[in-house]
Every structure is written in structure tokens, then in C-alpha cells.
Amino acid sequence: MNRTDGPQLLLVGNDRKVAWDDGRIRFLAPGNDSLCVFDAGPNPAAPELVATLPLPNSLFGPPVNLAVTPDQRLGLIADSMAWPERADGAGWQPEPGRDLYVIDLAARPPAISQRLRTGLQPSGLSINRAGTLALVANKAGRSVTVVRIAGGRAEVCAEVDVGTPVVAVSFAADGRRAFVVKTDAHRLGVLRIDESGGLPRVTHDPAEDLTTGLVPFNLVVSPDGALALVVDMGSPTASDGHADSVSVVDLNATPPRVIDRIMVEDGPEGIAISPDGRYAAVAIVQGSNNPSSEWFHHPRGQIVLLRIAGRSVTRAGAIEVGALPEGVAFSPDSRYLYVGNFLDAEMQVLAVGDEGLADTGTRIALPGGPASMRAQSY
């Protein structure tokens, strides 16, 4: 799918509760987070800000805790962490939350229309291509929340126990399967989906799991449904100085299987695939939020571009970006890549071409650190 007609909305979740002081993480008071809604349709090289909503967001988990329905009518945003003040009054202490917000993107201006409750610590989420169903991976809850979408409303209708922390999920192209990242188990789970009855039925059989690289953290499915790319972060702390990988999964095989691993630099987190299916982009932290005294610290992050040709995935270039890059998203015409640089509180715009990536020089200031970014849900 490569739609460029009508609004092409891009969601950016900004977290102002988390900061770093030369690698030392600090937890700040809540109440200043936001969601920025951009339209990348009219001018993909410089997305237009449509609205900024005060809305809790979280840096915890992969930067895919939000998504837009295919008809551009609704946005879903999971807030992974609650933020209570410590009992001793000495600051703030995050703990797993349960909130899932529904945004009416057709309203002018866009507005929060619902607040739902999921399993503990809702993290990555995905919406199917029919726009009828969403799945939310709950890390602390060790479950997947099933959300039905109809008539501009969302309804939590089930929770599937998967027995281990899960952080990201993505639908197969036909919507009859989904794939969920089991980060502690180093596995990719397969969910079976049946929407033929009244309520959607989602089931999970651990015997169908695939083995990924170490500490899988994120994934994306290609537009044609042939491949899944799984980010293998390598370490629970993201950066540790060692090279990491992206696992390539053949989804057309029976059963699906890992057919390759592409080496990338230290600390991959964000991943996105272009609407035309030709490229994927991986955001690499490479120690940019670690103390400057660490041997693996680097003042800037990096984007690695991968070229996709059938079942073949190869490196197509890399470019340095700002500090602590998290979310990435392609423009609707696949010619630009948007990068959320958390420590710089900005969205950076890169040009995508056969020769690789180039910095356009465009920086869009954001009202906080961009913790998540999504232009499409797969």
C-alpha cells in the first residue's frame, strides 16, 4: 500500500518525565507530556503540525506504542507507565500502567475520545489493515490485549495470556495472524486470529514460537506480508558497545522461519518499513544516552538503511542523526524518513534514495523528547 491521497497523519508521542544528565537518568514530575499530530501528505519533506494534545506518554518500551487506523480516523496511544510520587516524597517512581487512549483524528482539532484499560504496561501496539482490530503487547501483564474497532469507537474485548513479557506486536498482511515479541525469552510468538464470529478470537500456541536474536525489542511486517524484520537489541540496557542484529523472518514459509540476520551497530530500537516495501530503517542508539565516560558512548545516534528485494535484505547505507534516536517513520511517498531524536527534542528529516540516506537539514522542534513515532501500523 502506498497511499498519498488525502491526509497522511504522523503521530509523535513526547515524554517530558524522563531526562538524562551525562548518562544518569532522572525522573521528573508528570503533567507535561504531549502528542503531536502531523500531516505528511501535502509536503512530505516538511510535515505540517495539525495539533498538539496534552497526553501522557512513555519512553519505556519500543517506540511503537501508538498507531493510526488505515482510514486516518482514529489514533491509539498506549501509556506504558503510571507515575506516582514516592512515599518518602523524594521524587517520582514509575510503575506499570494500564491506559490506552483513543484519539478522534477526524475532529478539528483532534481530541481524546476514549480512555481504555489494558493489561499491565501496554507497550507496542498494532492495527490490522482492515482497521477492525488492534492488539496491544503488555510487558508486565505478560499478555496481549485485543481491541475491537468499529463506528469510530474502540472496545477492549479480550486479553490473551502469553506467559512471558511481550513488548511489540504486528499483524500479518491478511489479518489472520499476528506476531508478538517475547523479549525475555528471545522468541517471536505467533497469534492466530478469527474474526468470523461475533467477537474476535485470538489464540496463542507457544509451540509455534520462532527463535530470534538476543533481546528482541521491536518488529515490522513488510507491506506485501512476505517478511517480518525483528530488532534484536542484544542487551536489556539497549547499548552495551557490542554489535547487534535484525532477524529476517520468511512469513510465507510453513511454518514461518528466520532466514537471515543482518548485523547493525550497537543498540537498535526503532524500525520502520517504507510504504513501497523497498526499504527499512533502523534507529541505533549507539550509547548516545550513556555517560560520556563509557567506552561505548557516542554523542550521536545513527540510522541504518536496509534494502529489501524479495526475501533478500541487505545494508544500503547509514547516517548519523541526533542523540538517542527512538521512533522512525517513512513519508507516504517513501522518499523521506522522519527520525525522533529524544535528547534533542526534535524530528529530523532524511531523504531516501537509491544512493542511501541524506540529511535534508530540516529539523522540527518538539515540545518534549519524542519517545514514539508512527505513520502506519505495520
Side-chain angles (χ1 to χ4, degrees), residues 1-4 8-13 36 38 40 44-45 47 61-68 70 75-76 123-127 129 167-171 173 179 181 216-233 244 246-249 262 264 267-285 301-308 313 315-319 321-322 324-342 347-353 356-357 360 364 370-378:
M1 184 173 71
N2 191 8
R3 290 184 55 220
T4 56
Q8 295 295 299
L9 300 180
L10 170 69
L11 303 183
V12 182
C36 288
F38 290 90
V64 286
N65 66 333
L66 72 185
V68 182
L76 299 182
S123 299
L125 61 85
S126 182
I127 300 172
R129 302 183 192 194
V167 294
V169 62
S170 190
F171 280 91
F179 305 93
V181 174
F217 193 66
N218 202 352
L219 84 160
V220 67
V221 172
S222 61
D224 63 6
L227 298 177
L229 304 180
V230 182
V231 169
D232 305 320
M233 195 164 61
D244 295 311
V246 173
S247 293
V248 181
V249 184
I262 312 302
V264 296
E269 289 197 25
I271 187 168
I273 198 162
S274 60
D276 63 13
R278 296 178 59 203
Y279 295 103
V282 185
I284 310 292
V285 175
Q302 184 188 68
I303 299 296
V304 171
L305 187 69
L306 303 177
R307 181 177 288 110
I308 302 170
V313 181
R315 286 181 64 118
I319 190 171
V321 291
L324 189 53
E326 286 287 318
V328 287
F330 281 89
S331 63
D333 61 5
S334 301
R335 296 174 54 204
Y336 297 94
L337 181 73
Y338 312 124
V339 181
N341 298 320
F342 187 89
M347 180 165 64
Q348 183 174 354
V349 182
L350 306 178
V352 182
L357 295 167
T360 67
I364 299 173
S372 53
M373 181 182 293
R374 208 76 169 280
Q376 55 192 19
S377 64
Y378 60 90

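It should be emphasised that the depicted structure is a prediction, and the values quoted were computed from it without experimental measurement.
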> With sequence neighbours excluded, what pairs up with N218 under the side chain to side chain donor-acceptor pair (under 3.5 Å) test?
Replying inline: none

> Heavy atoms, side chains only, cut-off 4.5 Å: are V181 and V167 in contact?
Replying inline: yes

> What's the shortest heavy-atom distance between L66 and G13, and which atoms?
Replying inline: CD1-N, 3.9 Å

> Mind checking what makes side chain to side chain donor-acceptor pair (under 3.5 Å) contact with E269, not counting sequence neighbours?
Replying inline: none

>> Going by the rule side chain to side chain donor-acceptor pair (under 3.5 Å), which residues pair with Y279 if we only count those two or more places apart in sequence or in a different chain?
In response: D354

>> I'd like to know if the side chain of R374 reaches the main chain of L11, judged simply by a donor and an acceptor atom lying under 3.5 Å from each other, with no hydrogens or angles considered.
In response: no

> Distance from L219 atom CG to F179 atom CZ, nearest 0.5 Å?
Replying inline: 8.5 Å

> Any side-chain heavy atom of V230 within less than 4.5 Å of one from V246?
Replying inline: no

> Between P223 and P275, which heavy-atom pair has the shortest distance, and what is it?
Replying inline: CG-O, 3.6 Å

> With a 4.5 Å limit on heavy-atom distance, are the side chains of P44 and Y338 in contact?
Replying inline: yes

>> In the structure I gave you, are the side-chain heavy atoms of V304 and I262 within less than 4.5 Å of one another anywhere?
In response: no

>> So, taking the atom named CG in N341 and the one named CG in L324, what distance separates them when rounded to the nearest 0.5 Å?
In response: 8.5 Å

> Does any N or O in the side chain of S222 come within less than 3.5 Å of the main-chain N or O of L227, such that one atom is a donor and the other an acceptor?
Replying inline: yes

>> Would you compute the distance between atom OG of S170 and atom CG of L125 and round it to the nearest 0.5 angstrom?
In response: 10.5 Å

>> For a 4.5 angstrom cut-off between non-hydrogen side-chain atoms, does L306 reach R315?
In response: yes

> So do L10 and M373 actually touch side chain to side chain, heavy atoms under 4.5 Å?
Replying inline: yes

> What's the shortest heavy-atom distance between V328 and G270, and which atoms?
Replying inline: CG2-C, 4.0 Å

> Among V313, V249, V282, which one satisfies side chain to side chain contact (heavy atoms under 4.5 Å, CB included) with L229?
Replying inline: V313

> Taking only residues two or more places apart in sequence or in another chain, which ones pass side-chain contact (heavy atoms from CB on, under 4.5 Å) with A173?
Replying inline: R129

> Do I308 and I273 come close enough that some side-chain heavy atom pair is under 4.5 Å?
Replying inline: yes

> Between F330 and L305, which heavy-atom pair has the shortest distance, and what is it?
Replying inline: CZ-CD1, 4.5 Å

> What residues, two or more places apart in sequence or in another chain, satisfy salt bridge (Lys or Arg N to Asp or Glu O under 4.0 Å) together with R307?
Replying inline: none

>> Can a donor-acceptor pair be found, under 3.5 Å and without considering hydrogens, that links the side chain of S334 to the backbone of D276?
In response: yes

> What pair of heavy atoms forms the shortest contact from V349 to A45, and how long is it?
Replying inline: CG1-O, 3.6 Å

>> With rounding to the nearest 0.5 angstrom, report the OG to CZ distance, S123 to F217.
In response: 8.0 Å

>> Side chains of Q348 and P325, heavy atoms from C-beta outward: is any pair under 4.5 Å?
In response: no

>> Minimum heavy-atom separation for D232 and D244, please, with both atom names.
In response: O-CB, 3.3 Å

> Under the side chain to side chain donor-acceptor pair (under 3.5 Å) test, which residues partner R335, sequence neighbours left out?
Replying inline: none

